[in-house]
Amino acid sequence: MKQRKRRESLGRRRWRKFKSHKRGYYSLLIFSILFVISLGAEFISNDKPFLVYYENAFYWPLFKSYPETTFGGDFETETDYRDSYILKKIEAGDNFALFPLNHFSYDTINLDLDTPVPSPPTKDNILGTDDRGRDVLARLLYGFRLSVLFGFSLTFVGTSIGILAGSVQGYFGGKTDLFMQRFIEIWGAMPELYLLIIFASIFKPSVLLLLILLSMFGWMGLSDYVRAEFLKGRNMDYVTAAKALGVSNVVIMFRHLLPNGMTPVITFLPFRLSGAILALTSLDFLGLGVPPTTPSLGELLAQGKSNIDAWWLSISTFAVLVGTLILLIFIGEALRETFDPRKLVKQEKK
């Protein structure tokens, strides 16, 4: 009970320390709000309405596809809710349709443009369109969500592998540590970019393929820090006593040593997340990332490079990408100061 109170007290002290770092705290709030908003991208930017009331019946196009004949159309194909003929049918009389704020999805092509694509910002396309007539705001919103979710996934997988490899190295030491260190040196010397190019030419590009390939190399940097923490703690008295009492190695590693070695893991998480987002953007920029129809920040940057006159492509994407990385860096700095034991002791003395 006392140990739980001590842990809770330590957690509260660290949270107060994090909140006192205003730049990092507000960056976390802003990033969390933006991420939550992006999770509901379909409800903010979509070419389908939330709700349609037609002929005394309710329809939910966001969740179910309806043929055009449902709303008085002539074809059995899925309804195009941007078709003026269908809109007149839906909005006639007592019928109505509730649309999202932005009437474009990430793959919606605006066929009513008056200028060649990529077209500049207008009342309909607030941030303009790309070189295929797709709304830039919608692609930024969906692309931001994809980048952050990919970053979280890659960070989780890479961190898990890094913790496992580093803990085994540091706890057992000896030949195990020596063999794994040589393996890491050989594995780290492999040309990652060339392997990505080879696999991209063999397999169909996908987010899952990128996640697997990048996870194969993304764990090595963190494993060194975990290994150092385990090497430092494996000869301490409480570990020796646990061994003498017959506690298993797995319990000692993950119940006793790992919680004491989590400081470098937690402080590096925002930086690893920003690195994962930057890696996905770079690969998409080079054409080695996700499939072409997938919303991507890197693809928008590549379009901006190919269309220098379309300033709205480069500026808007650059602002989203740099803003995201800056927020994550500020969060990482705050976490690093929060988990610094020297600064925590100074705060307690004050």
Side-chain angles (χ1 to χ4, degrees), residues 35 38-42 45-48 62-65 77-78 80 104-111 117-118 129-162 186-221 272-307 313-314 317 320-321 324-325:
F35 178 59
S38 70
L39 290 178
E42 287 81 5
S45 182
N46 210 318
D47 56 3
K48 298 178 181 179
L62 275 183
F63 306 101
K64 185 178 179 181
S65 298
T77 56
E78 184 178 355
D80 180 7
F104 298 92
S105 185
Y106 67 90
D107 57 352
T108 305
I109 298 177
N110 190 351
L111 301 176
V117 294
T129 65
D130 63 3
D131 58 5
R132 295 187 180 100
R134 299 171 298 193
D135 186 65
V136 173
L137 177 60
R139 292 191 69 79
L140 284 175
L141 181 60
Y142 285 86
F144 173 78
R145 181 178 67 178
L146 175 65
S147 298
V148 176
L149 289 176
F150 179 85
F152 278 131
S153 302
L154 183 58
T155 301
F156 174 77
V157 175
T159 301
S160 302
I161 299 175
I186 297 172
W187 191 253
M190 297 179 67
E192 183 177 356
L193 182 59
Y194 289 149
L195 289 176
L196 287 171
I197 295 174
I198 293 171
F199 282 108
S201 62
I202 297 175
F203 300 101
K204 182 181 179 180
S206 66
V207 178
L208 180 60
L209 177 63
L210 282 178
L211 179 63
I212 294 174
L213 293 176
L214 293 176
S215 299
M216 292 168 60
F217 298 92
W219 57 272
M220 290 180 288
R272 294 182 64 83
L273 178 58
S274 62
I277 294 174
L278 193 59
L280 177 64
T281 304
S282 302
L283 291 174
D284 289 337
F285 180 81
L286 296 173
L288 302 174
V290 295
T293 57
T294 308
S296 166
L297 299 180
E299 190 223 2
L300 283 174
L301 286 176
Q303 289 191 31
K305 181 183 74 70
S306 302
N307 302 275
L313 288 173
S314 301
T317 310
V320 171
L321 181 61
T324 303
L325 297 180

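For clarity, every value in this text was computed on a predicted model and none was experimentally measured.
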Q: Determine the minimum heavy-atom distance between Thr155 and Leu273, stating which atoms define it.
A: OG1-CA, 3.4 Å
Q: Looking only at non-hydrogen atoms, find the nearest pair between Gly158 and Trp219 and report the distance.
A: O-CB, 3.4 Å
Q: Is it true that Glu299 and Arg134 have a side-chain N and a carboxylate O under 4.0 angstrom from each other?
A: yes
Q: Is there a side chain to side chain contact (heavy atoms under 4.5 Å, CB included) between Arg139 and Asp130 once you walk through the steps?
A: CA-CA 9 Å; Arg139 292 191 69 79; Asp130 63 3; 3.6 Å; yes
Q: So, using side-chain contact (heavy atoms from CB on, under 4.5 Å) as the criterion, who are the partners of Leu62 when residues are at least two apart?
A: Phe43, Asn46, Lys48, Phe50
Q: Among residues at least two apart in sequence or on other chains, which ones pass ring pair (Phe, Tyr, Trp, His ring centres under 6.0 Å) with Tyr194?
A: none
Q: Donor-acceptor pairs are to be reported for all side-chain atoms of residues 277-284 against protein atoms at under 3.5 Å, with residues two or more places apart or in another chain.
A:
| unit_1 | atom_1 | unit_2 | atom_2 | d |
| --- | --- | --- | --- | --- |
| Thr281 | OG1 | Ile277 | O | 2.9 |
| Ser282 | OG | Leu278 | O | 2.7 |
| Asp284 | OD1 | Val290 | N | 2.8 |
| Asp284 | OD2 | Ser296 | OG | 2.5 |

Q: Can you name the nearest heavy-atom pair linking Ser215 to Val157, along with the distance?
A: OG-CG1, 3.5 Å
Q: Supply the atom-to-atom distance Ile109 CD1 to Thr129 OG1, rounded to the nearest 0.5 angstrom.
A: 10.0 Å
Q: Search all heavy atoms of Ser45 against all heavy atoms of Tyr142 and return the closest pair with its distance.
A: O-OH, 2.7 Å
Q: Which atoms form the tightest heavy-atom contact between Phe35 and Leu149, and what is the distance?
A: CZ-CD2, 3.7 Å
Q: Please say whether more than 12 non-hydrogen atoms of neighbouring residues, nucleotides or ligands are located less than 6.0 Å from CZ in Phe217.
A: yes
